[in-house]
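Right, one structure below, let's go through it.
All chains are named by letter (A, B, ...) in the order of the sequence lines, taking the proteins before the strands, and each is independently numbered beginning at 1.
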2 protein chains.
Amino acid sequence: MTQPMHSMPAVDQVSDDTLRRLAGYNLKRAFNVIHADLGEVLAPLDLRMLTFSALTLIADNNGLTQTQLAEALAIKRPNLVVIVDELEGRGLILRNPVPNDRRAHALSATLPGRRLRDRALAAVLAHEARILAVLDPQERLALEQALIRIRGTA
Amino acid sequence: MTQPMHSMPAVDQVSDDTLRRLAGYNLKRAFNVIHADLGEVLAPLDLRMLTFSALTLIADNNGLTQTQLAEALAIKRPNLVVIVDELEGRGLILRNPVPNDRRAHALSATLPGRRLRDRALAAVLAHEARILAVLDPQERLALEQALIRIRGTA
DNA sequence: TATTGTTATACTCTATAACTATA
DNA sequence: TATAGTTATAGAGTATAACAATA
């Protein structure tokens with residue numbers, strides 16, 4: 001049964017109490033804050049969180065395949081193709097042939113790719129330090145461990 | 001300068017070490033885990049995290065306007081329109097006129113809306129208990145406080 | 001002039017199904 | 001048969017610009 005529509009005054013103060021008790025909601029809000037700020041930090045380097053993560057994993061794991069990279073990033077392989085296309089098109093990475101398996105691509109970072117990765121990482125670390133300044137070292141560690149624990153449940 | 005492309009063996013083990021130290025990355029991964037699970041929990045009720053959050057805020061704040069709701073959800077007003085349209089179209093909420101301001105809509109939950117909200121909240125709390133079972137109460141509290149602190153920096 | 005809700009639009013992230021070429 | 005990469009496609013979340021109605 002639906003109530004009749006009637007005129008009502010707007011509220012003065014909006015209460016968040018129910019949602020604030022939900023870790024999922026708090027996680028989303030905190031992530032959005034970090035993601036938006038990180039986006040601004042990486043934009044001058046023409047990177048996003050996802051392309052930065054992919055470039056970093058490639059630079060740190062010379063020769064990994066797209067399947068391995070998709071797995072490491074926790075995204076589906078079809079979604080990785082455009083990411084790899086973009087990084088390759090900018091000359092930051094290479095799709096190398098793999099001996100004895102002509103289906104696979106072994107990804108490697110070029111020198112410009114590694115240089116951009118280093119610059120981006122420095123910017124990201126500065127961003128993290130700035131955002132996490134509201135937490136003391138102990139809280140930071142507790143946060144990291146809790147997040148990795150939750151991630152591990154997938 | 002770009003290296004020549006050459007054949008290379010695939011790696012056996014992919015290292016995550018650089019990204020694992022970044023709160024933003026851990027936050028994203030943990031959120032994706034929770035979001036995916038929550039999606040499955042809410043799907044039978046034809047709700048998503050965002051529609052559930054909107055319905056909850058409306059039920060808890062009878063008469064709030066769309067501007068207030070968008071602010072509370074931390075989304076832009078244009079993105080709220082389809083959410084409110086959907087909830088209203090399903091008879092879960094009403095757009096009521098506001099006395100002395102014919103521009104604004106005072107949102108209210110109908111009885112079916114409040115009932116669905118209650119069922120959804122019970123499902124969400126069960127989901128949270130299941131996901132957060134990997135954390136002890138102290139870790140849970142530390143996580144909540146850290147997330148709210150980060151959110152507050154926006 | 002400013003605000004509320006709205007439309008139009010675009011970008012990003014994510015997912016599934018189905019194809020190809022190899023294995 | 002199975003796997004690696006790819007294409008096509010769709011759903012969802014987010015953002016900005018600009019408009020009409022109203023304040």
Measure the distance from CD on Glu71(A) to P on dG5(D) and round it to the nearest whole Å.
13 Å
Look at all strands and tell whether Leu50(A) reaches a base, only sugar-phosphate, or nothing, counting heavy atoms closer than 4.0 Å.
sugar-phosphate
Mind running a 4.0 Å heavy-atom check of residues 13-48 of chain A against DNA chain D and sending the residues that fall below it, in number order?
Lys28(A), Asn32(A)
Leu64(B) has an atom CG; how far is it from atom C1' of dG5(C), in whole Å?
14 Å
Answer yes or no: is there an ion pair linking Arg95(A) with Asp85(A), defined by an N-O contact shorter than 4.0 Å?
yes
Residues Arg103(B), Thr67(B); criterion side-chain contact (heavy atoms from CB on, under 4.5 Å); working and verdict
CA-CA 11 Å; Arg103(B) 296 171 304 178; Thr67(B) 294; over 6 Å; no
Taking the side chain of Ala104(A) as heavy atoms from C-beta outward, which of dT6(D), dT6(C), dA4(D) is closest to it?
dA4(D)
Tabulated below should be each protein N or O lying under 3.5 Å from an N or O of nucleotides 19-23 of chain C; please produce it.
| residue | atom | partner | partner atom | Å |
| --- | --- | --- | --- | --- |
| dT22(C) | OP2 | Arg102(A) | NH2 | 3.4 |
| dA23(C) | OP1 | Arg102(A) | N | 2.8 |

To the nearest angstrom, the CD1-P distance between Ile83(B) and dG13(D) comes to 6 Å
Separation of atom CD1 in Ile75(B) from atom P in dT12(C), rounded to whole Å:
20 Å
Could you tell me how far apart Arg77(A) (CZ) and dA15(C) (C1') are, to the nearest whole angstrom?
13 Å
So, is Thr67(A) near the phosphate of dG5(D), with a side-chain N or O under 4.0 Å from OP1 or OP2?
yes
Take atom CG of Leu69(A) and atom C1' of dG5(D), then tell me their distance rounded to the nearest Å.
13 Å
Look at all strands and tell whether Leu80(A) reaches a base, only sugar-phosphate, or nothing, counting heavy atoms closer than 4.0 Å.
nothing
Should Glu86(A) and Arg48(A) count as an ion pair when the cut-off is N to O under 4.0 Å?
yes
Less than 3.5 Å apart, any donor N or O on the side chain of Asn61(A) or Ser15(B) sitting next to an acceptor on the other?
no
Would you tell me if any nitrogen or oxygen in the side chain of Gln66(B) comes within less than 4.0 Å of OP1 or OP2 on dT6(C)?
yes
Going by atom types alone, do Asp37(B) and His127(B) pair a side-chain donor with an acceptor below 3.5 Å?
yes
Does Arg114(B) use its side chain to pair, donor to acceptor, with the backbone of Ala109(B) at less than 3.5 Å?
yes
Take Phe52(B) and Leu19(A) through the side-chain contact (heavy atoms from CB on, under 4.5 Å) test and state the conclusion after the steps.
CA-CA 10 Å; Phe52(B) 163 74; Leu19(A) 297 181; 4.0 Å; yes
Any side-chain donor paired with an acceptor under 3.5 Å for Ser108(B) and Asn62(B)?
no
Separation of dT12(C) P from Leu73(A) CG (nearest whole Å)
17 Å
Interatomic distance where CD belongs to Glu88(A) and C1' belongs to dG5(D) [whole Å]:
12 Å
Distance-only, no hydrogens or angles: does the Arg90(A) side chain make a donor-acceptor pair with backbone N or O of Asp46(A) under 3.5 Å?
yes
